[in-house]
2 protein chains.
Amino acid sequence: MATGITIGEAARRSGCPVATIRYYEEVGLLRPAARSAAGRRVFGMPDIERLRLIRRLRTMDIGLDAVRELVDAMGRGGAACLDVRDMALAHLEAVRARRAELDALDRTLTRLTATCSAACKDGPDASCTIIADLIAA
Amino acid sequence: MATGITIGEAARRSGCPVATIRYYEEVGLLRPAARSAAGRRVFGMPDIERLRLIRRLRTMDIGLDAVRELVDAMGRGGAACLDVRDMALAHLEAVRARRAELDALDRTLTRLTATCSAACKDGPDASCTIIADLIAA
DNA sequence: GCTTGCTCCTCAAGTCGCTTGAGCATGTAG
DNA sequence: CTACATGCTCAAGCGACTTGAGGAGCAAGC
């Protein structure tokens with residue numbers, strides 16, 4: 001057999017931890033792997049590609065349900081790339097919204113810490129409003 | 001009694017769901033609330049302020065353990081504002097790191113979707129590399 | 001007084017996406 | 001032949017809640 005990849009090797013090639021690969025199989029993201037005589041999982045290149053794709057989608061914070069839909073759609077061939085693109089576009093919006101939240105948070109934290117640093121530059125000072133500002137914000 | 005706030009009212013004033021307030025009490029973030037004759041929780045203004053503060057810290061993605069330390073430190077008065085500032089500064093770094101990740105993701109998604117849109121502008125096209133790009137990335 | 005409907009209570013279990021651990025079998029290198 | 005790494009299964013744990021069941025209390029209108 002040209003391809004006889006163990007789960008550890010699959011983990012190395014895909015970047016997914018071993019336990020995570022087993023978990024993906026358990027929840028149906030991966031079809032049940034073939035087994036060796038001793039009952040060990042044996043993977044092939046298509047499994048590795050699928051894993052790499054799943055992992056890539058997961059690092060984009062795409063939920064497992066959406067990942068499952070996507071990889072299944074791809075498996076059925078055809079117009080999958082448009083589905084992928086639509087998902088990517090929808091996700092892009094979510095990413096931008098989250099980034100805007102983080103920007104706002106950055107500004108808030110910067111302002112709060114600057115206020116405290118100014119009021120307490122010679123040690124804690126009763127005039128420091130950082131806690132009250134946090135409550136009021 | 002000037003203050004006799006029900007849990008529903010506390011939820012409205014703090015922005016925390018009712019179930020979350022009970023959960024915070026259960027895990028020790030809030031001291032156990034006083035009870036009415038019928039066994040219902042009765043809150044006062046200090047509880048509401050504490051809740052607002054907790055909620056504010058949580059929207060900053062600060063873990064419950066860190067929140068607990070902070071609100072306890074504040075309860076003990078004194079130099080709490082420096083603790084808060086240090087936490088805020090540490091957290092600011094985490095926020096910026098996460099934002100950088102999202103920026104990278106934004107660029108990736110933008111590039112991928114643009115490629116697909118160009119290749120598939122007249123319908124799905126076999127030359128579209130979005131899926132292969134995802135696997136390879 | 002009575003009914004309606006909202007709010008409140010407790011306790012248990014479910015969510016998501018894994019991770020960790022126990023306890024055992026198998027494969028590989030020296 | 002002996003280590004030791006790697007594999008297996010099953011079960012539980014994580015954070016931070018959320019949801020659901022099953023019941024009691026309370027305020028308002030009739």
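A, B, ... follow the sequence lines: proteins, then strands. Residue 1 opens every chain. Computed from a predicted structure; not experimentally measured.
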Query - OP1 or OP2 of D:dT9 under 4.0 Å from side-chain N/O of A:Arg35 - result: yes
Report task. Can you tell me the distance, in whole Å, between the CD atom of B:Glu25 and the P atom of D:dC17? Result -> 15 Å
Query - Spacing between B:Ile62 atom CD1 and D:dG15 atom C1', to the nearest angstrom - result: 15 Å
Query raised in the report: Which of the following nucleotides, C:dC18, C:dA25, D:dA16, is nearest to the side chain of B:Tyr23?
Result: D:dA16
**Report entry** Minimum-distance nucleotide (side-chain atoms of B:Leu64 versus D:dA16, D:dG25, D:dG7)
**Finding:** D:dA16
Query raised in the report: Looking at B:Tyr24, does any N or O in its side chain come under 4.0 Å of the phosphate oxygens OP1/OP2 on D:dC17?
Result: yes
**Report entry** Gap separating the CG atom of B:Leu64 from the CG atom of B:Leu29, nearest 0.5 angstrom
**Finding:** 5.5 Å
Query raised in the report: Counting only side-chain N and O atoms of B:Arg22, is one of them less than 4.0 Å from OP1 or OP2 of C:dC9?
Result: yes
Query raised in the report: Base, sugar-phosphate, or nothing: which does A:Ala19 touch, judged by heavy atoms less than 4.0 Å apart?
Result: base
Report task. Provide, to the nearest angstrom, the distance between the CG atom belonging to B:Leu51 and the P atom belonging to D:dC17. Result -> 12 Å
Requested in this report: Tell me whether the OP1 or OP2 atom of D:dC17 has a side-chain N or O from B:Arg58 closer than 4.0 Å.
Outcome: yes
Report task. Ignoring the backbone of A:Ile7, work out which of C:dC8, D:dT18, D:dC8 is nearest its side chain. Result -> D:dC8
Query raised in the report: In whole angstrom, what separates B:Glu26's CD from D:dG15's C1'?
Result: 13 Å
Query raised in the report: How many Å lie between CZ on A:Arg41 and P on C:dG27, as a whole number?
Result: 15 Å
Query raised in the report: Does B:Thr20 have a side-chain nitrogen or oxygen under 4.0 Å from the phosphate oxygens OP1 or OP2 of D:dA16?
Result: no
Query raised in the report: How many Å lie between CD1 on B:Ile21 and C1' on C:dT10, as a whole number?
Result: 17 Å
Query - Donor on one side chain, acceptor on other, A:Ser117 and B:Arg85, under 3.5 Å - result: yes
**Report entry** Spacing of A:Arg40 atom CZ relative to C:dT26 atom C1', expressed in whole Å
**Finding:** 4 Å
Query raised in the report: Could you state the CD1-P distance from B:Ile5 to C:dT7, rounded to the nearest angstrom?
Result: 17 Å
